[in-house]
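In what follows, a single structure is set out as structure tokens and then discussed.
Counting convention: from 1, in listed order, for ligands and their atoms alike.
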Amino acid sequence: MAKGGIEFKDIEERIKKFWEENKIFLSKSFEGKKVYSIDTPPPTVSGNMHIGHAFSYSQQDFIARFRRMFEGSVYYPFGTDDNGLPTERLVEKKNNIKSKDMSRADFIKLCLKTLKEITPEFVQDWKDIGMSCDFSKIYSTIDDNSRRISQASFIELYKKGEIYKKSFPTIWCPECQTSIAQAELEDKEEKSLFSTLKFKCDGKDLLVATTRPEMLYACVGVFVNPKDKRYSKIVGKTAKVPLFNFEVPIIADESAQMDKGTGVLMICCYGDRFDVDAVNRCNLNPKVIMNKDGTLNIPNYEGLKVKLARKKILEDLKNANLIVEQKEITHIVNVHDKCGCGIEFVETPQWFIKILDKKEKFIEQGNKIKWYPEYMKKRYDNWVNGLEWDWSISRNRHFGIPIPVWECENCNEIILGSEKELPVDPLETKKICPKCKSKTIPESMVLDTWATSSLSPYLASNLVENKVKIPFSLRPQAHDIIRTWAFYTIVREYLKSGNVPWNEIIISGNVSLGGEKMSKSKGNGVDPRKVLNDYGADALRFWAAGSKIGADLDYQEQDLVAGKKIINKLSNATKFVFMNLENYDGKSKPKNLELIDSEFLKKVNGLVKDCSEGFLVNEYSKAKSRIEQFFWSDFCDNYLEIVKKRVYQGVGEEKLSAQYTLYNSLLTMVKLFSPIMPFICEEIYQNNFRDFEKEKSIHISSWPKTSSEVSSDLFDSFVSLLAKIRQEKTNSQKAMNSEINLSLDKEELEKFSDLIDDLKNVTNAKKIKKGKFSVEFI
Ligand SMILES: [Zn+2]
Ligand SMILES: [Zn+2]
């Protein structure tokens, strides 16, 4: 046994088993019931739980457990996100194969088999931190049900005209060799050479500055600002491109900034997103040189990758005396968030969901959802307002959910999978064009992972009979995926029903260590399994309850120690209370409660009110600090001391009054603590209260009710007087139980006239008389 502590490991193991055997958290029939539903974030099965998970999943579980007691019915599903790269790698490694060597259908089968084997162990971490999900049915974003839902949604949106396929310069990762979405871009600072090059116009030099000279061969025009007097005479003429000596038009366009470089802007296919925009806007003939693998298709420079081609071309420009000036600059470039590789724009056929035409609608949808913390909505708004592309949902990858489409090789008719054959893999199913009876070409691309996880409310609601209604009550999630998971889920539900996917969203913060962001690469990660082993889940959760939703929290051992301390204290206080409740039946109430008891119960009533209000607006940290403070100070330090003698030595009604108050106030406090520290609270409930209470588990018992009774300040003034007397004892270096004679002034004597016996009991005063306040030791 830990020194002075309880055996938390035994307790947690036992309670976990109890919950499972008694099916405490299984989803019951929701028919006709109001259900509080949670769109639980599905973690990726490939990674172990990290401390950030333990932190944020604990926080959502506080809310789930509170709502279960408060509302009765909670739908709290669990799923894993498995159709992306991490799972592909994991399955390859576990089975020692390469996904590309197998048919996609076989690889998905193997994937599902592997997931079946490893998911139980993976999920154990989530059970160990006390998550109260229904773990009996877990969805995976790659399972049959998810593939069916994802493909059906694709077909539905295609039929509605919200999905289109287009050959378009798409954001492309040359490293991963796939198209990617705007949301997958990260900014990276990079050093670069800004070179001013000699173009020619009418035999004279026309200076153009660029960071991408390797794109010269793809130049299709140069822009000058219509207000720029320096160049007004040459607009409409042509410029000769250095090194390659072909002519491009000189166009007046406001996108050329007069103060940037020489004021002349080179338009290439495609140096950046401005080029994509410019080429389309001005109807220029694209001249594409970028290959999918990031090599360039330029005469004399064939097959070179971007950086190498840049170096060679700069050398050749220099040798030909075509560079006027060069300076080193630092600028921001876009990289792929998964691999850090600089992105390019490559023209490929891709599938898109139309979102650009609905920005205002998405802002409106965002406004209908309650955001916790509220400022996180700004990030959503900024993202929506800054959208520049439709949502590209196709990926040129092997593994993933197939796009359920065939295209006629003769008449280009698009043929969709039929509802009843879903999930379908076009690579495995031949179709004949219904129009011209020609053969069809199966779509080989797969859906981006977000295209499926953005349907999570559907993936989850499908696990139970009498599907849970959408909108769900709550979406808990991390802030770095507001622009992806939150945004795309809002998009999908808007396109489906015009509604919102959930009524509330909570955004969790990060865990830091000594103020620094925790990460594996920095080597300053804290393993949640070690924390569980050293302190237990209740203490870990107690720590996680210490920060408001959305706020970052530093990992500090002292918080875990404090958690362990309160768990011990709760356990010891319970022992003391029940020692004095022998023969008490959990129900009996005296005709009249003693004054101090009824005053204390009124304070408990106020506590319940505050905690409920906190939990109802997802401010569990407020509830936590309120109950923590009340338990230590009002209950342990004061009320217990006040009733000690009465409940121990008293008889009849006055003893019953104390017993009734102790039983009910302790049960209430344990209930208030239970969303945050579920194991110790269940243990206390089972060992002490269960004989008298009808619910099988504290977590499905009802949340304490409040009454309109308001406490006077009598209890608090009484406690202040006790503090004053205790201080006198401390000052005189006397034991707390030392006997005294007490003098109180007239006012106090009157105020506490009905509490004289309690005052005598708790202070060990033999006599209490009128006079100037004094404590006389006898
Ligand atoms: Zn990449
Ligand atoms: Zn056809």
Side-chain angles (χ1 to χ4, degrees), residues 44 46-47 81 83-90 92 98-100 155 158-159 164-165 167-190 270-273 276 290-296 305-308 332-351 389 391-400 403-418 424 426-427 429-451 453 480-481 483-484 521:
T44 307
S46 52
D81 191 11
N83 64 37
L85 200 58
T87 303
E88 183 176 353
R89 293 277 173 273
L90 182 84
E92 286 180 332
K98 281 275 169 219
S99 127
K100 291 212 159 151
I155 291 165
Y158 183 84
K159 286 181 181 164
Y164 64 92
K165 187 180 194 180
S167 227
F168 193 75
T170 315
I171 310 173
W172 185 268
C173 176
E175 176 71 29
C176 305
Q177 296 207 27
T178 181
S179 61
I180 57 177
Q182 190 182 350
E184 292 168 80
L185 299 182
E186 252 170 26
D187 288 342
K188 192 179 151 195
E189 235 182 40
E190 207 176 76
Y270 297 92
D272 55 28
R273 59 202 166 91
V276 178
M290 182 71 60
N291 297 319
K292 289 180 178 174
D293 60 358
T295 60
L296 295 173
K305 290 217 170 188
V306 169
K307 292 225 161 118
L308 195 54
I332 303 289
V333 295
N334 284 140
V335 299
H336 185 197
D337 64 359
K338 289 202 184 67
C339 68
C341 177
I343 54 101
E344 296 292 347
F345 287 85
V346 173
E347 190 161 318
T348 53
Q350 298 292 344
W351 293 91
W389 312 94
W391 175 14
S392 120
I393 51 164
S394 47
R395 294 293 178 270
N396 305 69
R397 299 197 58 83
H398 180 63
F399 174 58
I403 295 178
V405 164
W406 294 254
E407 197 177 330
C408 175
E409 59 177 27
N410 177 43
C411 72
N412 297 106
E413 173 78 1
I414 294 284
I415 299 130
L416 300 164
S418 68
V424 69
L427 295 180
T429 312
K430 286 202 171 60
K431 283 207 192 262
I432 297 292
C433 175
K435 275 204 171 156
C436 70
K437 309 293 172 209
S438 302
K439 278 194 205 159
T440 60
I441 304 161
E443 174 59 84
S444 61
M445 282 190 283
V446 296
L447 290 164
D448 174 37
T449 56
W450 296 114
S453 52
D480 53 345
I481 50 174
R483 63 186 193 176
T484 47
S521 57

Q | Shortest non-hydrogen separation from Leu185 to Ile180 and the atoms involved | A | CD2-CD1, 3.9 Å

Q | Donor-acceptor contact present, side-chain Asn291 to main-chain Asp293, <3.5 Å | A | no

Q | Ring centre gap for Trp351 and Phe168 strictly below 6.0 Å | A | no

Q. Any ion pair linking Glu175 and Lys338 (charged N to carboxylate O, less than 4.0 Å)?
A. no

Q. Around the Zn ion (ligand 1), what protein N, O or S atoms are found below 2.8 Å?
A. Cys173 SG, Cys176 SG, His336 ND1, Cys339 SG

Q: For Glu413 and Trp406, test the side chains for any donor-to-acceptor distance below 3.5 angstrom and give the result as yes or no.
A: no

**Q.** Side-chain donor/acceptor of Ser179 to backbone N/O of Ser394, under 3.5 Å
**A.** yes

Q) Given atoms SG of Cys436 and SG of Cys411, what angle do they subtend at the Zn ion (ligand 2), to the nearest 10 degrees? A) 120°

